[in-house]
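Report on the following structure.
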Amino acid sequence: MRAAVRTGWRIGAAAAALRGRAGRPLSQAAGEGGGAEGSGGSGSREAVERLVREHPVVVFMKGSPAQPLCGFSNAVVQILRLHGVEDYRAHDVLQDPDLRQGIKNYSNWPTIPQVYLNGEFVGGCDILLQMHQNGDLVEELKKLGIRSALLDAEKDEEKK
């Protein structure tokens with residue numbers, strides 16, 4: 001989406017604050033499917049492609065939304081929660097080393113977490129945070145038919 005943004009961007013204080021919050025399950029869908037069980041070659045391009053396209057919002061992370069196992073994965077979960085995104089697929093790459101390497105090869109992106117919207121690679125924590133901060137995430141979610149909870153929060157503030 002924004003290839004130019006993918007380089008050189010540093011995570012600010014907002015990411016540090018997000019990492020400090022404990023995660024909780026967002027939905028059954030987000031809490032299920034910790035990896036690519038039963039897919040045979042879970043790291044193959046075909047298997048990864050199926051996972052990326054299985055749902056409009058897919059996250060490859062360390063841990064689960066209920067229990068992220070790194071600060072960056074937790075930040076992604078928190079950003080999605082701020083926007084009210086509850087229905088997404090999360091895959092724990094720590095449970096499947098083949099998937100962990102396979103997703104890196106698929107995206108040509110060396111780090112985890114990785115976020116996909118409508119089958120398209122968005123980026124990792126830093127990109128998602130920047131999209132959250134500049135409003136692009138609200139627009140991308142709208143394209144998926146997901147109304148960001150932040151829009152409702154803004155309306156509520158205007159009424160006060």
Side-chain angles (χ1 to χ4, degrees), residues 1-12 14-16 18-19 23 25-27 29-146 148:
M1 279 184 195
R2 300 199 181 280
V5 175
R6 293 182 179 159
T7 58
W9 197 79
R10 299 181 66 94
I11 298 171
L18 288 171
R19 284 193 303 269
L26 297 178
S27 72
E32 293 173 357
E37 300 89 10
S39 63
S42 61
S44 72
R45 183 161 190 81
E46 296 78 23
V48 170
E49 178 86 19
R50 273 193 309 276
L51 294 176
V52 164
R53 299 204 178 279
E54 75 181 348
H55 199 269
V57 181
V58 179
V59 179
F60 294 87
M61 61 184 292
K62 294 177 181 176
S64 68
Q67 189 172 19
L69 296 177
C70 83
F72 297 109
S73 292
N74 187 41
V76 166
V77 168
Q78 295 301 327
I79 291 167
L80 292 174
R81 182 177 298 142
L82 284 171
H83 287 269
V85 179
E86 297 178 358
D87 184 20
Y88 64 95
R89 299 296 183 265
H91 299 280
D92 182 356
V93 299
L94 296 179
Q95 297 297 315
D96 187 341
D98 290 338
L99 177 59
R100 184 176 185 176
Q101 188 56 49
I103 194 63
K104 290 177 183 182
N105 294 342
Y106 180 83
S107 64
N108 197 27
W109 191 256
T111 60
I112 304 293
Q114 292 187 15
V115 178
Y116 289 79
L117 298 179
N118 212 24
E120 185 178 343
F121 177 62
V122 173
C125 173
D126 53 346
I127 304 301
L128 199 67
L129 178 60
Q130 184 170 21
M131 291 175 71
H132 162 70
Q133 291 173 331
N134 67 20
D136 287 348
L137 186 54
V138 169
E139 294 304 313
E140 291 302 319
L141 292 173
K142 189 183 298 183
K143 291 177 187 176
L144 300 175
I146 301 171
S148 172

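Only this structure's heavy atoms are used, side chains among them; waters, hydrogens and symmetry mates stay out.
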Do His91 and Asp96 have a side chain donor and acceptor closer than 3.5 Å?
->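 On atom types as modelled, these side chains do not qualify, holding no pair under 3.5 Å.
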Do you know the tightest heavy-atom contact between [X] and [Y]?
| X | Y | result |
| --- | --- | --- |
| Ser42 | Ala47 | O-CB, 3.7 Å |
| Val58 | Val52 | CG2-O, 3.6 Å |
| Val76 | Cys125 | CG2-CA, 3.8 Å |
| Pro68 | Val77 | CG-CG2, 4.3 Å |

Between [atom1] of [X] and [atom2] of [Y], what distance do you get to the nearest 0.5 Å?
| X | Y | atom1 | atom2 | result |
| --- | --- | --- | --- | --- |
| Lys62 | Leu69 | NZ | CG | 9.5 Å |
| Asn118 | Leu141 | CG | CG | 11.0 Å |
| Met61 | Leu94 | CE | CG | 9.0 Å |
| Ile103 | Asn108 | CD1 | CG | 11.5 Å |
| His55 | Leu144 | NE2 | CG | 10.0 Å |
| His132 | Leu80 | NE2 | CG | 10.5 Å |

**Asked** Any donor and acceptor pair, going by atom type alone, linking the side chain of Gln114 with main-chain N or O of Trp109 inside 3.5 Å?
**Response** yes
- Item | side chain to side chain donor-acceptor pair (under 3.5 Å) partners for Asn105, two or more places apart |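 With sequence neighbours excluded, Asn105 shows a side chain to side chain donor-acceptor pair (under 3.5 Å) to Gln101, given in chain and number order.
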### Task
Sequence neighbours left out, what passes salt bridge (Lys or Arg N to Asp or Glu O under 4.0 Å) with Glu54? Give chain and number order.
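Applying salt bridge (Lys or Arg N to Asp or Glu O under 4.0 Å) to Glu54 gives none.
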Sorted by chain and residue number, the salt bridge (Lys or Arg N to Asp or Glu O under 4.0 Å) partners of Arg53 (sequence neighbours excluded) come out as Glu49
Subject >> Ring geometry between Tyr116 and Phe60 (parallel below 30°, tilted from 30 to 60°, perpendicular above 60°) >> reply: perpendicular
Are the side chains of [X] and [Y] in touch, meaning some heavy atoms are under 4.5 Å apart?
| X | Y | value |
| --- | --- | --- |
| Met131 | Ile127 | yes |
| Val57 | Ile146 | yes |
| Ile112 | Lys104 | yes |

Which residues share a side chain to side chain contact (heavy atoms under 4.5 Å, CB included) with Val138, sequence neighbours left out: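 By the side chain to side chain contact (heavy atoms under 4.5 Å, CB included) rule, Val138 matches His83, Ser148, Leu151.
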